[in-house]
Structure formats: C-alpha cells, structure tokens
Amino acid sequence: MTMSTTRRGLHRAWYVAAVAFVAILGSAGFRATPGVLITPLQEEFGWSAGTISLAVSVNLVLYGLTAPFAAALMDRFGMRRVVAVALLLIAAGSGLTVLMTASWQLLLCWGVLVGLGTGSMALVFAATVVDRWFVRHRGLVTGVLTAAGATGQLVFLPVLAQLAQGPGWRFASLTVAVAALAVVPFVWWLLRDRPEDVGTTALGAAPGAVRPEPVRTNAALRAVTVLVSAARTRPFWLLAGGFAICGASTNGLVGTHFIPAAHDHGMAEPVAAGLLAIIGIFDIAGTIASGWLSDKVDPKVLLGVYYALRGLSLMVLPGLFAATTEPSMLIFIIFYGLDWVATVPPTVALCRRIYGADGAVVFGWVFGSHQVGAAIAAVGAGLTRDHLGAYDLAWYAAGALCLLAAGMSLAIGHARGR
C-alpha cells in the first residue's frame with residue numbers, strides 16, 4: 001500500500017475534496033443571507049430596496065473580483081491559510097452588522113468584509129482543489145464542488161428566513177458569524193495544499209509524474225499578468241461575457257430578488273425561501289450531471305444549451321407568481337434548479353483546455369465577470385422595483401440576455417487566438 005491510499009483504499013484526494021465541499025457549502029450559505037434581510041431591514045430602518053441592493057451588489061462584485069487574486073494567493077501561500085483567513089473575514093462582517101445604525105455600515109460589513117471573505121472561497125477554490133488533487137474525474141468533482149457552492153446558499157435560506165422572522169435578523173447574522181468561526185478548525189486540521197505535502201500524487205496521475213512547482217511570484221502581479229495575457233484572446237471575452245450574463249440571471253436576480261418578488265404577490269417569505277431551497281436540491285443533480293457531461297461532451301455545446309433553456313424559463317416566470325405555490329411554479333423551480341449553475345463545470349473545463357496552467361486564475365477573472373453581472377442585476381432589479389412597482393421587466397431582460405449568452409458560448413474556439 002502506498003501513501004496515496006488510506007487503509008480502505010480511498011485516495012487522499014477524496015478527503016480534501018470533502019473538506020472543500022463543506023467549506024464551499026458553508027461559504028455559499030453565508031453569502032446568501034442578505035437575500036432574507038431585505039424586507040426586515042426595510043421595515044426597521046426604512047431603507048429602500050435600491051439602497052439595500054447596493055450593499056448586495058458590492059458583496060457580489062467583491063465576491064467575484066477577489067477570486068483571481070485568491071487563486072494567486074493560494075498558489076503563493078496555500079489554500080489552507082487563505083480559506084482560514086476568509087472565514088474570519090466572514091465572521092467579522094456578519095457579526096458586526098448587529099451594531100449598525102446606517103446603510104453605509106451594511107455596505108461595509110455585508111458588502112466589503114463578507115464579499116472579500118466569500119470571494120476567497122468561491123468557485124475558484126473548487127477549481128484550484130481539482131487542478132491540484134485530481135487528474136481523473138476532474139469534471140465530476142468540479143460538478144460536485146460547484147453544487148456545494150450553489151446549493152449552500154439556497155438550502156440555508158429557509159433556516160435564515162425563519163431566524164430573521166422569529167428571533168430577528170440580528171440573530172440570523174450572529175448565527176452566520178458563529179458558523180463561520182466553527183469551520184476554521186476543520187479547515188486548518190484537514191485541508192492540505194498539495195498531494196506532495198502528504199507524500200502522495202494527484203488522483204489519476206501517471207506514476208512518477210512531476211507536478212509543477214508552487215508559484216512563488218507576487219500573487220497580485222501574477223493575477224494581473226494572467227488577465228492581460230488572456231484579455232488578448234477572443235475566447236476570454238466570450239467566456240467572460242457569457243458568465244456575466246450567468247451571474248445576472250442567477251445570483252443577481254433570482255438569488256437576491258426572488259423572495260421579495262414573491263412577497264409582492266402575497267407569498268410568505270419562508271415559503272419563497274423554501275422554493276429557492278428546492279432549486280438548490282435539484283441543482284445538486286443538475287450540476288453533478290453537468291460535470292460528468294463535461295468530461296464527455298464539448299463544453300461549449302453544453303453552455304449553449306444551458307443558457308438557451310434558462311433564458312426561455314425566465315421569460316415565463318413573471319406569469320407564475322402567486323400567493324400560493326401553484327404546480328406551474330413548482331415545475332419552473334425544478335427545471336430552473338437543474339440549470340442553476342450547470343454552466344460552471346463546462347466553463348472551468350474550457351478555461352483549463354484553452355489556458356492550461358493559468359486556467360484556474362483565468363477562471364477567477366471569468367468568475368469576476370459573473371459577479372459584476374450579478375451586481376448590475378441586483379441593483380438594476382431593485383431600481384426597477386422601486387420605479388415601476390414590479391420586477392417583470394427584470395425577468396424578461398434576463399431571459400433575453402441568456403439567449404445572447406447561448407450564441408456567445410457556441411462561438412468559442414478551441415485555441416487561444418480563435
């Protein structure tokens with residue numbers, strides 16, 4: 001028996017993936033909390049949906065723009081240190097919100113601190129774990145870790161919504177802070193940066209395969225250098241543009257505004273949060289299946305199909321809202337859930353295929369565009385609600401953009417210059 005297996009024959013890579021799954025799951029749940037705070041904050045402080053959405057948008061932007069720098073920092077200092085610090089930032093940001101009295105403090109705590117913390121544990125963390133620990137089953141593991149990211153923020157919503165309506169939104173914020181702190185010891189104890197650190201090799205690596213040495217250059221400089229290089233290629237802009245629309249149509253719009261939109265039609269917030277949780281449950285199957293398919297089908301074709309189906313479903317959504325959960329809404333929830341972040345595994349696969357060793361950092365920048373799109377949608381939908389009294393225009397616009405993203409995805413070539 002070699003060091004690459006445990007007593008039961010299970011490769012160490014699976015244990016690292018399991019720790020990453022828990023960390024990403026928790027991080028996603030922490031980031032989702034503002035979605036259930038919009039109405040309580042409006043009622044207590046009198047802030048408009050646009051004002052609160054601004055804090056959410058800052059959170060979303062930093063959640064994305066932190067990613068490429070976090071990827072470079074993980075190369076320089078290791079995943080374990082970066083993730084532990086990120087959890088401490090989340091705990092600080094969430095815990096301090098209970099003391100706020102002005103909207104700028106919400107922007108600082110949930111926007112800046114939680115945005116930086118969750119951004120450092122975003123999907124680029126999943127891409128880094130897969131690149132370092134797996135040669136075989138990369139698509140499948142990417143799908144599983146991606147499912148953790150999307151499902152965590154949706155499954156935790158009903159719990160957070162109940163806390164916000166019962167003990168109050170401050171209790172919900174403190175719960176997030178304590179939970180983030182509780183994860184830190186497990187990350188420090190169980191997460192390992194590279195297979196070589198424990199005398200093994202990546203799962204599926206050829207015997208005697210030499211892994212690249214850890215990058216020792218300045219992390220920020222490397223992140224920017226990779227961006228400058230990738231920005232000279234057409235595939236980068238097609239991937240970034242499509243992923244910006246992906247963020248707008250998921251985190252920015254549905255993740256942030258589905259609950260208040262349903263509330264506008266008479267639905268109780270915990271019920272609406274429960275519907276988002278169902279999206280998260282079906283997202284598990286959809287994203288894992290997408291990861292498996294990414295190992296077997298051209299990823300750009302998968303992206304085109306996913307975006308087209310999402311666009312059509314969003315155009316139908318405005319007519320489905322009601323005070324009670326109708327069968328038609330449940331059908332939408334299931335269908336949309338299967339497609340929620342199925343786009344991530346093929347996007348990671350394309351970044352790896354086109355940009356090689358820089359693939360994780362490039363994906364970090366592509367993911368940054370995802371969150372910029374999400375931020376624009378979060379603010380835009382909030383302003384739409386403030387000025388028009390309904391979210392309908394936001395749903396239709398997101399659907400049309402998804403159809404555009406489908407065409408952009410199919411135009412991606414297989415080489416850097418194409």
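Atoms considered below: every heavy atom in the structure, side chains included; atoms not considered: hydrogens, waters and symmetry mates.
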Decide yes or no on side chain to side chain contact (heavy atoms under 4.5 Å, CB included) for L403 and M315, but give the supporting numbers first. CA-CA 11 Å; L403 297 180; M315 289 182 173; 4.1 Å; yes
Determine the sole option in F236, F243, F69 for which the ring pair (Phe, Tyr, Trp, His ring centres under 6.0 Å) test with W365 is passed. F69
Result of checking L108, L106, T101 against W104 for side-chain contact (heavy atoms from CB on, under 4.5 Å): L108
[X] versus [Y]: any side-chain heavy-atom pair under 4.5 Å?
{"X": "L41", "Y": "W169", "result": "yes"}
{"X": "L87", "Y": "V187", "result": "yes"}
{"X": "M79", "Y": "R132", "result": "yes"}
{"X": "V344", "Y": "T287", "result": "no"}
{"X": "F21", "Y": "V144", "result": "yes"}
{"X": "V362", "Y": "F367", "result": "no"}
{"X": "M408", "Y": "W237", "result": "no"}
{"X": "Y336", "Y": "L314", "result": "yes"}

Residues 388-409 vs side-chain hydrogen bond (donor to acceptor under 3.5 Å, both in side chains), sequence neighbours excluded, gives H257-Y391
According to side-chain hydrogen bond (donor to acceptor under 3.5 Å, both in side chains), does anything in residues 83-97 pair up with another residue at least two apart or in another chain? List the pairs. T97-S173
With distance as the sole test, does [X] use its side chain to make a donor-acceptor pair with the main-chain N or O of [Y] at under 3.5 Å?
{"X": "D283", "Y": "L338", "answer": "no"}
{"X": "H370", "Y": "V366", "answer": "no"}
{"X": "S290", "Y": "G286", "answer": "no"}
{"X": "S369", "Y": "A240", "answer": "yes"}
{"X": "R192", "Y": "W189", "answer": "yes"}
{"X": "H263", "Y": "I259", "answer": "no"}

Just jot down the side chain to side chain contact (heavy atoms under 4.5 Å, CB included) partners of [X], sequence neighbours excluded, or say none.
{"X": "L275", "result": "F258, M267, I278, T325, M329, L330, I333"}
{"X": "R136", "result": "L203"}
{"X": "I331", "result": "none"}

Not counting sequence neighbours, which residues clear side chain to side chain donor-acceptor pair (under 3.5 Å) with S249? List them please. R310
I'd like to check the side chain to side chain donor-acceptor pair (under 3.5 Å) partners of R352; sequence neighbours left out, ordered by chain and number. D131
For the residue pair F45 and W47, categorise the inter-ring angle as parallel (less than 30°), tilted (30 to 60°) or perpendicular (more than 60°). parallel
Could you name each residue pair satisfying salt bridge (charged side-chain N to carboxylate O under 4.0 Å, His left out) that touches [range], not counting sequence neighbours?
{"range": "residues 161-174", "value": "E44-R170"}
{"range": "residues 364-385", "value": "D264-R385"}
{"range": "residues 55-73", "value": "none"}

Please evaluate residues L181 and L88 with respect to the criterion side chain to side chain contact (heavy atoms under 4.5 Å, CB included), reporting the C-alpha separation (whole Å), side-chain torsions for both, the decisive distance (0.1 Å), and the verdict. CA-CA 6 Å; L181 288 175; L88 294 176; 3.7 Å; yes
Nearest heavy-atom neighbours spanning [X] and [Y]:
{"X": "A86", "Y": "S120", "answer": "CB-CB, 3.7 Å"}
{"X": "P345", "Y": "G291", "answer": "CB-CA, 3.6 Å"}
{"X": "T256", "Y": "P260", "answer": "O-CD, 3.7 Å"}
{"X": "V184", "Y": "A84", "answer": "CG2-O, 4.2 Å"}
{"X": "A308", "Y": "A406", "answer": "N-CB, 3.8 Å"}
{"X": "L350", "Y": "P299", "answer": "CG-CB, 3.7 Å"}

Quick one: pull up [atom1] in [X] and [atom2] in [Y] and give me the separation to the nearest 0.5 Å.
{"X": "I288", "Y": "L140", "atom1": "CD1", "atom2": "CG", "answer": "7.0 Å"}
{"X": "H11", "Y": "H137", "atom1": "NE2", "atom2": "NE2", "answer": "10.5 Å"}
{"X": "L107", "Y": "I52", "atom1": "CG", "atom2": "CD1", "answer": "12.0 Å"}
{"X": "L253", "Y": "L401", "atom1": "CG", "atom2": "CG", "answer": "10.5 Å"}
{"X": "L239", "Y": "L303", "atom1": "CG", "atom2": "CG", "answer": "7.5 Å"}
{"X": "L383", "Y": "L393", "atom1": "CG", "atom2": "CG", "answer": "12.0 Å"}

Test the R194-W133 pair against the cation-pi criterion, namely NZ or CZ under 6.0 angstrom from the six-membered ring centroid and within 45° of the ring axis. no
Criterion side chain to side chain contact (heavy atoms under 4.5 Å, CB included) on L113 and I90, from CA distance to verdict: CA-CA 6 Å; L113 294 180; I90 293 169; over 6 Å; no
In short, ring-ring contact (aromatic ring centres under 6.0 Å, His included) pairs touching residues 282-312 with sequence neighbours left out are none
Please report the C-alpha distance between I24 and F125 in whole Å, then the side-chain angles of each, then the deciding distance to 0.1 Å, and finally whether the side chain to side chain contact (heavy atoms under 4.5 Å, CB included) criterion is met. CA-CA 8 Å; I24 293 171; F125 173 39; 3.6 Å; yes
Between Y355 and S229, do the side chains contain a donor N or O and an acceptor N or O under 3.5 Å apart? no
Check ring-ring contact (aromatic ring centres under 6.0 Å, His included) between W14 and all other residues, then give those that pass, not counting sequence neighbours. F134
